[in-house]
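The structure under discussion appears below in the form of structure tokens.
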Amino acid sequence: MDTIATAPIEGQVPGTSGLRKKTRIFTQTGYLENFVQSIFNAIGGADDKTFVVGGDGRFFNDTAIQTIVKMAAANGARKLIIGRNGLLSTPAASHLIRLNKTDGGIILSASHNPGGIDEDFGIKFNVPNGGPAPEGITGAIYHQTTVLQEYRIADVADIGLSRDGIQAVGAMQVEIVDPVARYHDLMETLFDFDKLRALFASGFRMKFDAMHAVTGPYATAILEKALGAPEGTVINGVPLPDFGRGHPDPNPVWAKPLMVLMMSPQAPDFGAASDGDGDRNMVVGRSIYVTPSDSLAVLAANAHLAPGYQAGLAGVARSMPTSAASDRVAERLGINSFETPTGWKFFGNLLDEGLVTLCGEESAGTGSNHVREKDGLWAVLLWLNILAERRLSVLEILNDHWNTYGRDYYSRHDYEAIPIEAGNEIMDHLRNRLAELPGQVHGDETVASADEFSYLDPVDGSVSENQGMRIQFESGSRAVFRLSGTGTEGATLRIYLSRFAPPGDDHGLETQQALRQVQQAAMAIAAVQAHTGRTDPDVCT
Ligand code: G1P
Ligand code: ZN
């Protein structure tokens with residue numbers, strides 16, 4: 001075993017979801033090692049502990065895993081459970097952590113960001129409940145990175161990642177496991193597989209775009225092999241280190257071919273996609289895209305149709321920028337609803353305490369208490385289970401939902417890679433004007449209230465501040481401003497726009513059209529053009 005002298009490396013600050021950087025930063029000598037040692041130090045050492053390790057298969061995934069194996073061995077870990085070939089979807093990793101009652105897990109992914117030597121890499125630590133480390137722990141990891149003087153790494157050969165079974169690395173055991181099997185078991189406990197088989201047997205057709213990312217093997221095993229969907233249902237199903245040079249982000253922009261298919265006369269009944277590490281999902285019906293905010297609301301309203309949720313839900317939580325559609329369902333069902341900051345880590349306590357059953361974010365994340373991460377394929381299976389029970393099209397389900405609860409028109413506008421200073425200036429500009437905004441008229445919108453969101457965790461009493469600016473208009477529309485915490489280049493300004501059309505109103509407007517007024521008011525209030533020179537977003541989801 002070797003102890004290697006090192007020195008703190010600046011900027012190893014975990015963001016919304018772990019540490020994300022350009023791959024070339026991660027491949028610098030000591031960069032990954034410093035961070036991994038800081039994880040172990042922050043949790044009181046790795047001695048005698050068991051961890052799950054896996055990643056989304058992007059470039060550098062296998063090299064990073066070999067380093068983690070050697071460091072875990074040198075730090076005295078008892079056992080590592082690793083997905084075959086280093087692959088584990090984020091929800092499958094969360095499940096293995098819980099199932100094996102491990103001391104946590106290390107997940108290698110930059111989620112929906114592209115992969116490759118000139119693209120992005122990421123690493124995060126999940127705690128024993130299976131969820132992303134809460135801020136107390138990510139703060140402790142960051143602190144360790146600022147004082148680190150040495151790391152420990154065993155001077156041993158690389159392990160074999162391709163064959164299932166147990167091997168020894170010094171005194172440590174490494175178990176290579178099938179990445180899909182246990183996850184597959186879990187899905188069978190939640191959904192009516194017989195009914196889903198009957199659905200496909202009756203001619204129901206779908207396309208699942210795995211975007212050359214980690215969900216390919218999961219979707220193929222479950223949809224095609226177990227449920228009998230025809231071969232070819234899963235497209236781009238082989239994980240590739242560069243995701244086939246794509247951007248594995250399941251939204252209408254990056255999953256364009258699927259969108260085009262679903263809007264065409266050849267569209268199958270259902271379309272879905274998942275991201276780099278398998279925690280995000282996109283759901284699209286024939287000629288209708290389902291916003292993630294609506295998807296959460298529809299799932300909440302119909303979850304009882306799936307066996308795993310037939311007893312009803314304890315509550316629903318959504319991140320603050322997500323539309324209020326799920327709140328409306330929770331209110332009618334008489335169950336809890338919570339509004340949390342952006343990032344899945346804020347749902348963990350609510351799930352652990354049994355306060356909520358479903359959670360979701362506008363960024364294509366939906367999940368439940370079955371794991372402690374969002375789960376792309378789970379969301380797809382729950383939709384399928386609902387479709388199998390209700391025997392309606394996706395469009396019919398949405399129209400029925402909007403007629404009952406009203407429609408929250410919703411879109412997120414991203415201004416990517418703006419200078420960091422410009423991003424901070426916009427947020428400061430808003431912060432300094434919050435008090436004077438109420439009453440101001442911008443075009444057809446009048447500001448009703450404005451504040452900066454902070455969250456008091458009802459379970460552990462922790463407070464998270466600076467979680468985004470909220471501007472509520474008298475019309476019922478809303479604009480939210482945040483800077484991304486997962487980007488790796490400059491700053492990304494996210495403007496989240498919503499407008500409520502109650503039951504009986506026109507629900508057939510084009511989304512951007514419906515949001516035009518609130519968008520113009522938001523741009524004026526934040527002086528986006530003056531700060532960035534930009535008039536239009538790079539991406540609208
Ligand atoms: C983004 C999403 C957020 C999600 C996170 C990790 O974070 O907005 O909802 O939890 O990715 O998938 P952001 O870049 O906005 O900080
Ligand atoms: Zn992801």
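Ligands are counted one by one from 1 in listed order, and the atoms in each one are counted from 1 as well.
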- request: For Gly343 and ligand 1, answer yes if some heavy atom of the residue is under 4.0 Å from a ligand atom, otherwise no.
  value: yes

- prompt: Got an N/O contact under 3.5 Å between Arg494 and ligand 1?
  reply: yes

task: Just jot down the ligand 1 atoms closer than 4.0 angstrom to any heavy atom of Lys374, in number order.
output: 4 (C), 6 (C), 10 (O), 12 (O)

message: So that I can check it, does any N, O or S atom in Ser17 come closer than 2.8 Å to the Zn ion (ligand 2)?
response: no

statement: So the angle subtended at the Zn ion (ligand 2) by Asp279 atom OD1 and Asp277 atom OD1, rounded to 10 degrees, is 90°

query: So which protein heavy atom does atom 1 (C) of ligand 1 come closest to, and at what separation?
result: Arg280 NH2, 3.6 Å

field: Geometric class of the Phe121/Phe60 ring pair [parallel <30°, tilted 30-60°, perpendicular >60°]
entry: perpendicular

message: With respect to Arg482, determine whether any N or O atom, backbone or side chain, lies less than 3.5 Å from an N or O atom of ligand 1.
response: yes

message: Taking atom CD as the centre, does Glu331 end up with more than 12 heavy-atom neighbours from other residues, nucleotides or ligands that are less than 6.0 angstrom away?
response: no

message: Any nitrogen or oxygen of Ser17 lying under 3.5 Å from a nitrogen or oxygen in ligand 1? Just yes or no.
response: no

- prompt: For atom 2 (C) of ligand 1, what's the nearest protein heavy atom and its distance?
  reply: Ser363 OG, 3.5 Å

task: Determine whether the side chains of Ser464 and Glu135 contain a donor N or O and an acceptor N or O closer than 3.5 Å.
output: yes

- prompt: By atom name, which N, O or S atom belonging to Asp275 lies closest to the Zn ion (ligand 2)?
  reply: OD2

message: So does Val234 get a backbone contact from the side chain of Glu224, meaning a donor-acceptor N/O pair under 3.5 Å?
response: yes

- request: Tell me which part of Ser484 gets within contact of ligand 1: side chain, backbone, both or neither, using heavy atoms under 4.0 Å.
  value: both

- request: Taking Asn100 for its side chain and Thr102 for its backbone only, find out whether a donor-acceptor pair lies under 3.5 Å.
  value: no

task: Go through Ser111 and Asp279 one step at a time and tell me if the side-chain contact (heavy atoms from CB on, under 4.5 Å) criterion holds.
output: CA-CA 8 Å; Ser111 188; Asp279 57 357; 4.0 Å; yes

query: Which ligand 1 atoms does Thr342 reach within 4.0 Å, using its non-hydrogen atoms?
result: 3 (C), 8 (O), 9 (O)

message: For the backbone of Ala317 and the side chain of Ser337, can you confirm whether one donor and one acceptor N or O come within less than 3.5 Å of each other?
response: no

message: Under a 3.5 Å threshold, yes or no: a donor from one side chain and an acceptor from the other, between Thr492 and Ser484?
response: no

query: Looking only at protein heavy atoms, which one is nearest to atom 7 (O) of ligand 1, and how far off is it?
result: Thr486 CG2, 3.5 Å

- request: For the pair Arg516 (side chain) and Val518 (backbone), establish whether a donor and an acceptor sit closer than 3.5 Å, ignoring hydrogens and angles.
  value: no

query: Hey, which atoms in ligand 1 end up nearer than 4.0 Å to a heavy atom of Gly485?
result: 13 (P), 14 (O), 16 (O)

message: What I want to know is whether His112 and ligand 1 share at least one N or O pair that is separated by under 3.5 angstrom.
response: no

message: Can you report which non-hydrogen protein atom sits closest to atom 10 (O) of ligand 1, along with the distance?
response: Glu361 OE1, 2.6 Å

Gap separating the CD atom of Glu373 from the CH2 atom of Trp344, nearest 0.5 angstrom: 8.5 Å

